[in-house]
Enquirer: 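Below are the structure tokens for one structure; questions will follow.
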Amino acid sequence: MTHYFQFLAHQLKGWPQQNYCLFFFSLGCQVMTLVSSPITPLTLLTFVGTTLGVLCVLAINAAKSVNGFLGIVSALCFIVTGFAAKNYLSIFEQIAYVATLDIPVLISASWNVNMASKIRKFTGRSWVIAIVSTVAVYLLSGWAIGAFTDDPRPWVDAISFAISLAAGIICFLRFNNQYVWWIASGLAQMVLWFISFRQGSATLAMFINSSVYLANDVLAFTISPWYNEKERQRVIKQEAAYAASLESNN
């Protein structure tokens, strides 16, 4: 267990400087949002979830596998927030993240070891499958959540869910094209949570969180190992050196 926590601590190191700056900017915004209105158990839980959620997406951006641990904890917080706002598909979105990304990352030894060296790109066939699957999930989930629940925003909820589900799966499969879906997901979530906030169903913290996610996704195209070859090689060497140090200590 001690080695595992050392591994988690290592995964929080060596990120691009811009990632740390974005995290502290987000943290400042969330603290101001938290203290600017009455503090309740729900707003505190949302604060914890958004803080860990930002760390999670920044870890993915930096090609660090600590996102599995951070994702599960933040997902639990977001499930409660989604239920309170009646954004029911946002609950399934978090469950999908846990099932398709967080748990597999935690139990997959190959995913956790020097993940930056295993990044790949879509083929033409992959693009078609990903787009068609996203549209199919959107249509099915939008109809189902509107027909069987009292979700006041079924189709907005559905587009966020469909894109985010696809992004999580694409991420686990290590395709860098995931960031096309993550950007679309960030935009959809901003719309969803802004409407929810305007209708009195959620706090502004979730909209701010989605905005930070979007900023992270745009940033990925410039400094992330998923797209920046120089940064990828740096991370590969860093992870190889860490693995070698573990072997020499054993």
Side-chain angles (χ1 to χ4, degrees), residues 42 45-46 49-50 52-54 56-57 60 67-68 70-105 122 125-175 177-203 205-214 216-217:
L42 181 61
L45 195 66
T46 302
T50 53
L52 295 181
V54 168
C56 177
V57 298
I60 295 175
N67 66 284
L70 295 171
I72 287 179
V73 179
S74 63
L76 294 174
C77 299
F78 288 147
I79 285 172
V80 176
T81 302
F83 182 79
K86 294 185 178 180
N87 290 334
Y88 299 120
L89 280 175
S90 71
I91 298 173
F92 288 104
E93 177 184 315
Q94 296 303 321
I95 294 172
Y97 284 157
V98 171
T100 63
L101 187 57
D102 300 330
I103 291 178
V105 165
F122 270 0
R125 182 171 179 269
S126 302
W127 276 107
V128 172
I129 292 173
I131 292 171
V132 170
S133 299
T134 303
V135 173
V137 172
Y138 166 62
L139 295 174
L140 179 61
S141 61
W143 167 79
I145 209 71
F148 299 110
T149 75
D150 60 346
D151 188 324
R153 299 162 288 271
W155 292 105
V156 180
D157 205 356
I159 191 64
S160 175
F161 169 72
I163 297 172
S164 300
L165 173 62
I169 295 172
I170 295 168
C171 178
F172 178 70
L173 296 175
R174 304 189 193 94
F175 289 108
N177 309 84
Q178 64 180 285
Y179 278 99
V180 176
W181 268 259
W182 286 131
I183 284 180
S185 170
L187 290 169
Q189 289 186 36
M190 285 176 65
V191 172
L192 172 66
W193 289 108
F194 180 74
I195 294 174
S196 301
F197 170 70
R198 289 293 299 270
Q199 294 177 348
S201 301
T203 69
M206 292 300 293
F207 173 78
I208 294 173
N209 186 65
S210 300
S211 303
V212 173
Y213 280 13
L214 181 61
N216 168 73
D217 300 335

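In this text, all values refer to a predicted model and were calculated from it rather than measured experimentally. Along the sequence shown, residues are numbered consecutively beginning with 1.
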Enquirer: State the CG-CG distance between Asp157 and Leu192, to the nearest 0.5 angstrom.
Expert: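 These two atoms lie 5.0 Å from each other.
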Enquirer: Begin with the C-alpha distance, continue with both residues' side-chain angles, and end with the deciding distance and a verdict on side-chain contact (heavy atoms from CB on, under 4.5 Å) for Val191 and Ile159.
Expert: CA-CA 10 Å; Val191 172; Ile159 191 64; over 6 Å; no
Enquirer: Give me the atom names and distance for the closest heavy-atom approach of Ile79 to Ile91.
Expert: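 Looking at all heavy atoms of both residues, the closest pair is O-CG1, 3.7 Å.
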Enquirer: Among residues at least two apart in sequence or on other chains, which ones pass ring-ring contact (aromatic ring centres under 6.0 Å, His included) with Phe207?
Expert: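 Per chain and number, Phe207 pairs via ring-ring contact (aromatic ring centres under 6.0 Å, His included) with Phe194.
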Enquirer: Apply side-chain contact (heavy atoms from CB on, under 4.5 Å) to Leu45 and list each qualifying residue two or more places apart in sequence or on a separate chain.
Expert: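 Cys77, Val80.
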Enquirer: So do the side chains of Thr50 and Phe78 get within less than 4.5 Å of each other, counting heavy atoms only?
Expert: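 Heavy-atom side-chain distance check passes, below 4.5 Å.
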Enquirer: When you compare the side chain of Asn216 with that of Val54, does any pair of heavy atoms fall below 4.5 Å?
Expert: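 Counting from C-beta outward, Val54 and Asn216 never come under 4.5 Å.
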Enquirer: Verify, without hydrogens or angle tests, whether Asn177 (side chain) and Phe122 (backbone) share a donor-acceptor contact under 3.5 angstrom.
Expert: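 Here the side-chain-to-backbone pair exists.
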Enquirer: In Å, rounded to the nearest 0.5 Å, how long is the span from CD1 of Ile145 to OH of Tyr88?
Expert: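 Rounded to the nearest 0.5 Å, the CD1-OH separation comes out at 8.0 Å.
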Enquirer: Give the minimum heavy-atom separation between Trp193 and Asn87, together with the two atoms involved.
Expert: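 Closest pair (atom of Trp193, atom of Asn87, distance): CZ3-ND2, 3.4 Å.
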Enquirer: For the residue pair Gly53 and Ser74, what are the closest heavy atoms and their distance?
Expert: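 Heavy atoms only, the tightest pair is N-CB, 3.6 Å.
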Enquirer: So which heavy atom on Ser210 is nearest to which on Met190, and how close?
Expert: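 Shortest heavy-atom separation between Ser210 and Met190 comes out as CB-CG, 3.6 Å.
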Enquirer: Do Phe172 and Ile103 come close enough that some side-chain heavy atom pair is under 4.5 Å?
Expert: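 Phe172 vs Ile103: side chains apart.
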Enquirer: Looking at residues at least two apart in the chain, or sitting in another chain, which of them share a ring-ring contact (aromatic ring centres under 6.0 Å, His included) with Phe92?
Expert: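 With neighbours one apart ignored, the set is empty.
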Enquirer: With sequence neighbours excluded, give me every side-chain hydrogen bond (donor to acceptor under 3.5 Å, both in side chains) pair touching residues 77-86.
Expert: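 Every side-chain hydrogen bond (donor to acceptor under 3.5 Å, both in side chains) pair that includes a residue of residues 77-86, provided the two are not neighbours, is Thr46-Thr81, Lys86-Asp150.
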Enquirer: Compare every heavy atom of Ser90 with every heavy atom of Gly82, then report the nearest pair and how far apart it is.
Expert: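 Scanning both residues, the minimum pair turns out to be CA-OG, 3.4 Å.
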Enquirer: When rounded to the nearest 0.5 angstrom, what is the spacing between OG in Ser126 and CD1 in Ile131?
Expert: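 CD1 of Ile131 is found 10.5 Å from OG of Ser126.
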Enquirer: List the atom pairs, with distances to 0.1 Å, where a side-chain N or O of residues 161-170 and a protein N or O form a donor-acceptor pair under 3.5 Å, not counting sequence neighbours.
Expert:
{"unit_1": "Ser164", "atom_1": "OG", "unit_2": "Tyr97", "atom_2": "OH", "d": "3.2"}
{"unit_1": "Ser164", "atom_1": "OG", "unit_2": "Ser160", "atom_2": "O", "d": "2.8"}
{"unit_1": "Ser164", "atom_1": "OG", "unit_2": "Ser185", "atom_2": "OG", "d": "2.6"}
{"unit_1": "Ser164", "atom_1": "OG", "unit_2": "Gln189", "atom_2": "NE2", "d": "3.2"}

Enquirer: Does any pair with a residue in residues 127-147 pass side-chain hydrogen bond (donor to acceptor under 3.5 Å, both in side chains), and if so which ones, sequence neighbours excluded?
Expert: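 Output for this query lists Thr134-Trp181.
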Enquirer: Grab the two heavy atoms, one from Trp155 and one from Leu139, that are nearest each other, plus how far apart they are.
Expert: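 Scanning both residues, the minimum pair turns out to be CH2-O, 3.7 Å.
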